[in-house]
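A quick write-up on the structure given underneath.
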Amino acid sequence: MEQLLYALLTIVIGVAGAIGYFYGSNFLLDTIFPSRVADAMEASRNIRRASMIRPWLFLAPALISLSVYLVYPFFSSVAYSLYDRSGENFVGFANYRWMFFDGEFRQSIYNNMLWLIVVPAASTLFGLIIAALTDRIWWGNIAKSLIFMPMAISFVGASVIWKFVYDYRDIGAEQIGILNAIVVALGGEPQIWITLPFWNNFFLMVILVWIQTGFAMVLLSAALRGIPEETIEAAVIDGANPWQIFLKIKVPQIWGTIAVVWTTITILVLKVFDIVLAMTNGQWQTQVLANLMFDWMFRGGGDFGRGASIAVVIMIMVVPIMIWNIRNARREMEGR
């Protein structure tokens, strides 16, 4: 109950602070540069000055937050990666040399590659299929709401839900895990699914696909609805069947949105941490880079140098995709 009160208090303070900043900054700006003065030339100058400053006032909280929580940590992480576990003795690139010869790091890279191949593709594909199908049925909006609902659940909350799906009980005991209950009902033996090497990675990926499919569905549904009806009608007149219309008419026209959805989920996958921590804590060959970084930096006495070097690798992998994503979004906006 106490946590709920803290959460509500945080929301109230946050919203009230944003509203107060909006009105307060506008009031202060209009006081410094009043538009209602006797001199028309001065009033015009004040309006121009206020118009130039106002956007930066609104951007200021975001820019300050980005500087404090992104820019400073980036340079700090790069600096720490060149020091030893205490962060006091300079060791150069020793942490990077260790990293590329460490078996657990290589396992993490391998697992991250698996996540990168499966999760963005599956989430985007399912989102596209659902977006196309729900536009054709009268209860499509209800279906979309249900599919989008997991987006409101935290990764840890989703992991707790799926732990019940994968839950294991001894042979002969009643299985409360849905997956094992189905296996037993079909005559098989229950399995400890999250401990099965290689396959357990896919069981963890299912959780993120379940969450992100709703995100992909919403964006792709909006893109599909933005396709001009004239092109579809022309394809129908030319004798195209629904499958051809979907693959050759609709998909090419929303390819930019598909790419944005794909790359956005890719960035999320590169930083995946909560699901692995909550489900396996990186055991049974499920380790990923973000969880490995957490282990080195905050566990076992803490090794800031090695933890920071893994963080730098994650940043190097994420930044090019982010840049491409932003440029692609800009081109799409300019095209419109």
Between [atom1] on residue [X] and [atom2] on residue [Y], distance to nearest 0.5 Å:
| X | Y | atom1 | atom2 | answer |
| --- | --- | --- | --- | --- |
| Asn291 | Asn111 | CG | CG | 11.0 Å |
| Met279 | Ser159 | CE | OG | 6.0 Å |
| Asn26 | Tyr23 | CG | OH | 9.0 Å |
| Ile142 | Ile147 | CD1 | CD1 | 12.0 Å |
| Leu270 | Met315 | CG | CE | 13.0 Å |
| Ile109 | Leu289 | CD1 | CG | 4.5 Å |

Decide side chain to side chain contact (heavy atoms under 4.5 Å, CB included) for Thr257 and Leu220; before the verdict, give the C-alpha distance in whole Å, the side-chain angles of both, and the deciding distance to 0.1 Å. CA-CA 7 Å; Thr257 306; Leu220 296 173; 3.9 Å; yes

Decide yes or no for [X] and [Y]: does some side-chain heavy atom of the first lie under 4.5 Å from some side-chain heavy atom of the second?
| X | Y | answer |
| --- | --- | --- |
| Met151 | Gln212 | yes |
| Trp115 | Leu204 | yes |
| Met297 | Phe304 | yes |
| Ile254 | Leu128 | yes |
| Thr264 | Phe215 | yes |
| Ile258 | Trp255 | yes |
| Leu208 | Phe155 | yes |
| Asn95 | Leu82 | no |

Measure the acute angle between the ring planes of [X] and [Y], then classify it against the limits of 30° and 60° as parallel, tilted or perpendicular.
| X | Y | value |
| --- | --- | --- |
| Phe294 | Phe273 | tilted |
| Phe22 | Phe58 | parallel |
| Phe202 | Phe198 | perpendicular |

Looking only at heavy atoms, what is the nearest atom pair of [X] and [Y], with distance?
| X | Y | value |
| --- | --- | --- |
| Ser25 | Leu57 | O-CD1, 3.9 Å |
| Val183 | Glu189 | CG1-O, 3.4 Å |
| Trp98 | Ile310 | CH2-CD1, 4.3 Å |
| Gln107 | Gln285 | NE2-O, 3.7 Å |
| Asn201 | Thr286 | OD1-CA, 3.6 Å |
| Met293 | Gly307 | CG-O, 3.2 Å |

Would you find more than 12 non-hydrogen atoms of other residues, nucleotides or ligands less than 6.0 Å from [X] atom [atom1]?
| X | atom1 | answer |
| --- | --- | --- |
| Tyr96 | OH | yes |
| Phe27 | CZ | no |
| Met52 | CE | no |
| Phe93 | CZ | no |
| Phe105 | CZ | yes |

Same cluster or not: are [X] and [Y] linked, directly or through other Ile, Leu, Val, Met, Phe, Trp or Tyr residues, by side-chain heavy atoms under 4.5 angstrom apart?
| X | Y | answer |
| --- | --- | --- |
| Phe126 | Val261 | yes |
| Val71 | Val318 | yes |
| Ile129 | Ile265 | no |
| Trp296 | Ile316 | yes |
| Val312 | Phe75 | yes |

Verify side chain to side chain contact (heavy atoms under 4.5 Å, CB included) between Ile53 and Phe33, making sure each step is shown before the conclusion. CA-CA 10 Å; Ile53 296 172; Phe33 301 107; 3.5 Å; yes

Using only atom types and a distance under 3.5 Å, with no angle test, would you say the side chain of [X] pairs donor to acceptor with the backbone of [Y]?
| X | Y | answer |
| --- | --- | --- |
| Asp84 | Val91 | no |
| Asp274 | Val156 | no |
| Ser81 | Val78 | yes |
| Asn180 | Gln191 | yes |
| Arg106 | Phe101 | yes |
| Asn281 | Gln283 | no |
| Thr124 | Ala121 | no |
| Ser76 | Pro73 | no |

Let me see the working for Lys250 and Ile232 under side chain to side chain contact (heavy atoms under 4.5 Å, CB included), right down to the final yes or no. CA-CA 8 Å; Lys250 291 185 176 181; Ile232 299 173; 3.8 Å; yes

Salt-bridge present (Asp30, Arg54; N to O < 4.0 Å): yes

How about Tyr166 and Trp162: are their ring centres within less than 6.0 Å of each other? yes

Where do Trp210 and Ile153 land on the side chain to side chain contact (heavy atoms under 4.5 Å, CB included) test, with the steps shown first? CA-CA 11 Å; Trp210 179 66; Ile153 305 173; 3.9 Å; yes

